[in-house]
Amino acid sequence: LRLPDAELTTHGWAVVAAEKQTAGRGRLGRTWASPPGAGVTFSVALGVPTHLPAAQLGLLPLLAGMAVAGVCRADGVTAWVKWPNDVVVPDPDDPADLAKLAGVLAERGATSAVVGVGLNVSLTAAEAPVPNATSLVRQGATSLDRDHLVAACAAAILGLWTRLLAGSAAAVMSEFRDICITIGADVEIHQPGGHRLRGQATAVDDHGHLEITSGEGRSTIVTAGDVIHVRPPEPPELPL
C-alpha cells in the first residue's frame, strides 16, 4: 500500500488487506509470498503529526510487532517479538528453537507512515517458504477467521499508535520489553555494510535500540540490523 501523504489527515488511517501476495517485500529486500487463504497480508496507513519526534516515529515497527504478538497471545498462542519486529513462537518441530509466525515492515513519509503485516494463519509445513516458518493453525490456535484477525491486529496497532501520540512512549516500550524474546539471548547481529556483532542482548531502550554486551563486558547500542538468535533465552511464563 502506498498512499500519497495528502490522502491522510494528521490523525487519519486506512487499512487494505490482500487475499494473497506474490511479490511482497520484507526487511532488507526479502520477498514475502502467501498462498491464497493461507494467511493475512494487510497494510495500515497512518497520519503522522508534524510535531512527532523522529525517534518516536522509529518505534512504529516495534509497536506493530508487539500488537500482532498480542493478538496471537489472546488466541492462546505463546508469541513473542524478536527485535525489532518479527513475531516468533516455539518451533513446532523443535521447541528449543524459534519459528517465524509473522513479519512486519514500516515505511514513513513526510506526514504518513505505512505498516505492512504478513501473518501465517493456516499455512502448512509443505507450503512454508522457509523451514522455520510456522502458522497459527500449527500452533494450535482456535480462532482462524482472517477478517477477525485483520480487524484485531489493525485495532491493536492503532491503539498503540494512539498511546504513542498521547505521550506514553516509555510505558509502551516497557510493555514491549515484557514480550521481547531477544532480551537475554545470545545473538549475532548482521549490520548494514557487512559488519557482524556477537554478544548477549541485554536491553531495549525507550528509543527502541538494542543493547549488546560482549564477552569482555563492552556494550554496544544497535539501531538497525538482522538478528540471529544463537541461543534463545528460556522464556518466562507469562499469562496469555
4.5 Å side-chain heavy-atom contact, [X] and [Y]:
{"X": "Ile181", "Y": "Leu98", "result": "yes"}
{"X": "Cys153", "Y": "Phe42", "result": "yes"}
{"X": "Val187", "Y": "Ile228", "result": "no"}
{"X": "Leu46", "Y": "Val114", "result": "no"}
{"X": "Leu62", "Y": "Val81", "result": "no"}
{"X": "Val115", "Y": "Leu105", "result": "no"}
{"X": "Asp91", "Y": "Thr134", "result": "no"}
{"X": "Asn120", "Y": "Glu127", "result": "no"}

Hey, what do you get for [atom1] ([X]) to [atom2] ([Y]), rounding to the nearest 0.5 Å?
{"X": "Leu59", "Y": "Leu160", "atom1": "CG", "atom2": "CG", "result": "11.0 Å"}
{"X": "Asp86", "Y": "Leu101", "atom1": "CG", "atom2": "CG", "result": "10.5 Å"}
{"X": "Gln56", "Y": "Leu165", "atom1": "CD", "atom2": "CG", "result": "8.5 Å"}
{"X": "Gln200", "Y": "Ile183", "atom1": "CD", "atom2": "CD1", "result": "10.5 Å"}
{"X": "Glu175", "Y": "Cys180", "atom1": "CD", "atom2": "SG", "result": "14.0 Å"}
{"X": "Arg73", "Y": "Met66", "atom1": "CZ", "atom2": "CE", "result": "11.0 Å"}

Taking all non-hydrogen atoms of both residues, which atom of [X] and which atom of [Y] are closest, and how far apart?
{"X": "Val88", "Y": "Lys100", "answer": "CG1-CA, 4.2 Å"}
{"X": "Asp206", "Y": "Ala170", "answer": "OD2-CB, 3.7 Å"}
{"X": "Ala113", "Y": "Val48", "answer": "N-CG2, 3.8 Å"}
{"X": "Ile179", "Y": "Ala79", "answer": "CG1-O, 4.0 Å"}
{"X": "Ala201", "Y": "Ile212", "answer": "CA-CD1, 3.8 Å"}
{"X": "Arg138", "Y": "Thr124", "answer": "CD-C, 4.4 Å"}

query = Between Leu63 and Met173, does a side chain to side chain contact (heavy atoms under 4.5 Å, CB included) hold up when you go through it step by step?
reply = CA-CA 8 Å; Leu63 304 191; Met173 286 308 299; 4.3 Å; yes
key: Trace of the side chain to side chain contact (heavy atoms under 4.5 Å, CB included) decision for Val150 with Val117   = CA-CA 9 Å; Val150 170; Val117 176; over 6 Å; no
Could you tell me whether a side-chain N or O of [X] sits under 3.5 Å from a main-chain N or O of [Y], the two making a donor and an acceptor?
{"X": "Thr41", "Y": "Ala18", "answer": "yes"}
{"X": "Ser43", "Y": "Gly116", "answer": "no"}
{"X": "Asp75", "Y": "Val77", "answer": "no"}
{"X": "Lys82", "Y": "Val87", "answer": "no"}

ask   = Under 4.5 Å between side-chain heavy atoms, hopping through other hydrophobics if needed: is there a path connecting Val68 to Leu144?
value =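 Cluster IDs for Val68 and Leu144 match.
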message = Under 3.5 Å, is there a donor on one side chain and an acceptor on the other for Ser214 and Glu216?
response = yes
ask   = Are Glu211 and Thr202 linked by a side-chain donor-acceptor pair shorter than 3.5 Å?
value = yes
key: Residue pair Leu197, Val222: steps toward the side chain to side chain contact (heavy atoms under 4.5 Å, CB included) verdict   = CA-CA 9 Å; Leu197 175 68; Val222 177; 3.8 Å; yes
key: Test: Arg177 cationic atom under 6.0 Å from Trp83 six-membered ring centre, within 45° of axis   =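 Arg177 over Trp83 ring: no.
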Option from Leu149, Leu119, Val89 for which side-chain contact (heavy atoms from CB on, under 4.5 Å) with Cys72 holds =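 Looking at Leu149, Leu119, Val89, the match for Cys72 under the side-chain contact (heavy atoms from CB on, under 4.5 Å) is Leu119.
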request  = Output yes when Asp226 and Arg196 qualify as a salt bridge under the 4.0 Å nitrogen-oxygen rule, no when they do not.
outcome  = no
key: side chain to side chain contact (heavy atoms under 4.5 Å, CB included) evaluation trace for Leu164 with Thr162   = CA-CA 5 Å; Leu164 183 69; Thr162 299; over 6 Å; no
